[in-house]
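Data block below; observations after.
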Amino acid sequence: MKRDFTIEVYKQLCRSIKESGFVTTRVCEYIREPSNVVKRAILRHDVDRNPSNALKVALIEKKHDIRSTFYFRTNSKVFDEEIIKDIYSLGHEI
């Protein structure tokens with residue numbers, strides 16, 4: 001089975017999540033606000049290499065009314081404060 005981690009496939013995944021009736025939540029919400037929602041999805045992203053791709057993912061999720069959690073490495077290649085602020089401003093957790 002070939003793995004496809006392209007932006008186009010991620011757009012399809014986001015559409016499928018919403019069409020399937022899943023409620024998405026950030027990690028902080030899941031911990032603070034227990035819920036009886038049966039179809040609940042927690043999306044988290046580890047940003048290990050390319051923060052500009054993380055911003056693309058965040059924008060796609062915003063378009064689909066999905067909020068998620070992003071974990072950034074603290075090394076200088078990944079820790080881009082402007083991108084982190086942009087992702088946070090879209091309603092995502094950092």
Side-chain angles (χ1 to χ4, degrees):
M1 179 175 172
K2 183 181 176 199
R3 294 181 183 188
D4 188 342
F5 297 107
T6 61
I7 293 295
E8 286 306 313
V9 169
Y10 194 70
K11 288 177 185 177
Q12 293 172 12
L13 175 64
C14 289
R15 281 192 297 271
S16 294
I17 288 169
K18 296 308 277 188
E19 290 170 0
S20 297
F22 278 87
V23 174
T24 58
T25 186
R26 300 173 299 176
V27 171
C28 65
E29 294 164 331
Y30 177 76
I31 292 169
R32 281 186 284 183
E33 304 163 13
S35 172
N36 294 328
V37 174
V38 176
K39 295 179 86 173
R40 192 171 189 186
I42 302 167
L43 298 177
R44 66 165 274 192
H45 308 283
D46 293 331
V47 184
D48 295 329
R49 293 187 200 139
N50 194 334
S52 61
N53 279 350
L55 180 57
K56 290 176 189 176
V57 166
L59 289 165
I60 290 166
E61 290 175 345
K62 176 69 173 178
K63 181 179 176 185
H64 292 283
D65 194 29
I66 292 173
R67 296 187 310 161
S68 65
T69 300
F70 289 79
Y71 291 91
F72 284 82
R73 287 187 164 243
T74 56
N75 69 44
S76 61
K77 293 180 183 178
V78 176
F79 198 85
D80 183 320
E81 286 190 52
E82 288 305 311
I83 287 179
I84 290 171
K85 288 176 184 177
D86 290 343
I87 291 173
Y88 181 79
S89 74
L90 295 170
H92 301 290
E93 176 186 15
I94 304 296

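Only a predicted model underlies this, so the values are computations on that prediction, with no experimental measurement involved. Positions are given from 1, in the same order as the sequence printed here. Any value given below was found using the heavy atoms of this structure, including those in side chains, with hydrogens, waters and symmetry copies removed.
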Can you establish whether the number of heavy atoms outside [X] located under 6.0 Å from its atom [atom1] is more than 12?
{"X": "Arg40", "atom1": "CZ", "answer": "yes"}
{"X": "Arg15", "atom1": "CZ", "answer": "yes"}
{"X": "Lys39", "atom1": "NZ", "answer": "yes"}

Does the side chain of Tyr10 come within less than 4.5 Å of Lys56's, by heavy atoms? no

Pairwise side-chain contact, Val27 with Ile42, heavy-atom cut-off 4.5 Å (strictly under):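 Yes, side chains in contact.
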
Closest non-hydrogen atom pair between [X] and [Y], with its separation:
{"X": "Ile66", "Y": "His92", "value": "O-CE1, 3.3 Å"}
{"X": "Ala54", "Y": "Phe70", "value": "O-CE2, 3.6 Å"}
{"X": "Val47", "Y": "Pro51", "value": "CG1-CA, 3.9 Å"}
{"X": "Gly91", "Y": "Arg26", "value": "O-NH1, 3.2 Å"}
{"X": "Lys18", "Y": "Asp65", "value": "NZ-O, 3.3 Å"}
{"X": "Ser16", "Y": "Ser20", "value": "O-OG, 2.8 Å"}

First locate atom [atom1] of [X], then atom [atom2] of [Y], and finally report the distance between them rounded to the nearest 0.5 Å.
{"X": "Thr24", "Y": "Glu29", "atom1": "OG1", "atom2": "CD", "answer": "8.0 Å"}
{"X": "Ile7", "Y": "Leu13", "atom1": "CD1", "atom2": "CG", "answer": "11.5 Å"}
{"X": "Thr6", "Y": "Lys11", "atom1": "OG1", "atom2": "NZ", "answer": "9.5 Å"}
{"X": "Arg73", "Y": "Asp46", "atom1": "CZ", "atom2": "CG", "answer": "8.5 Å"}

Out of curiosity, does [Y] fall in the hydrophobic cluster containing [X] (side-chain heavy atoms, cut-off under 4.5 Å, transitive links)?
{"X": "Ile60", "Y": "Val23", "result": "no"}
{"X": "Ile87", "Y": "Leu59", "result": "yes"}
{"X": "Ile94", "Y": "Val57", "result": "yes"}
{"X": "Leu55", "Y": "Tyr71", "result": "no"}
{"X": "Ile83", "Y": "Tyr88", "result": "yes"}

Audit row: Ile17, His64, side chain to side chain contact (heavy atoms under 4.5 Å, CB included) steps and yes/no: CA-CA 9 Å; Ile17 288 169; His64 292 283; over 6 Å; no

Main chain of Lys77, side chain of Asn75: is a donor-acceptor contact present, judged purely on distance under 3.5 Å? yes

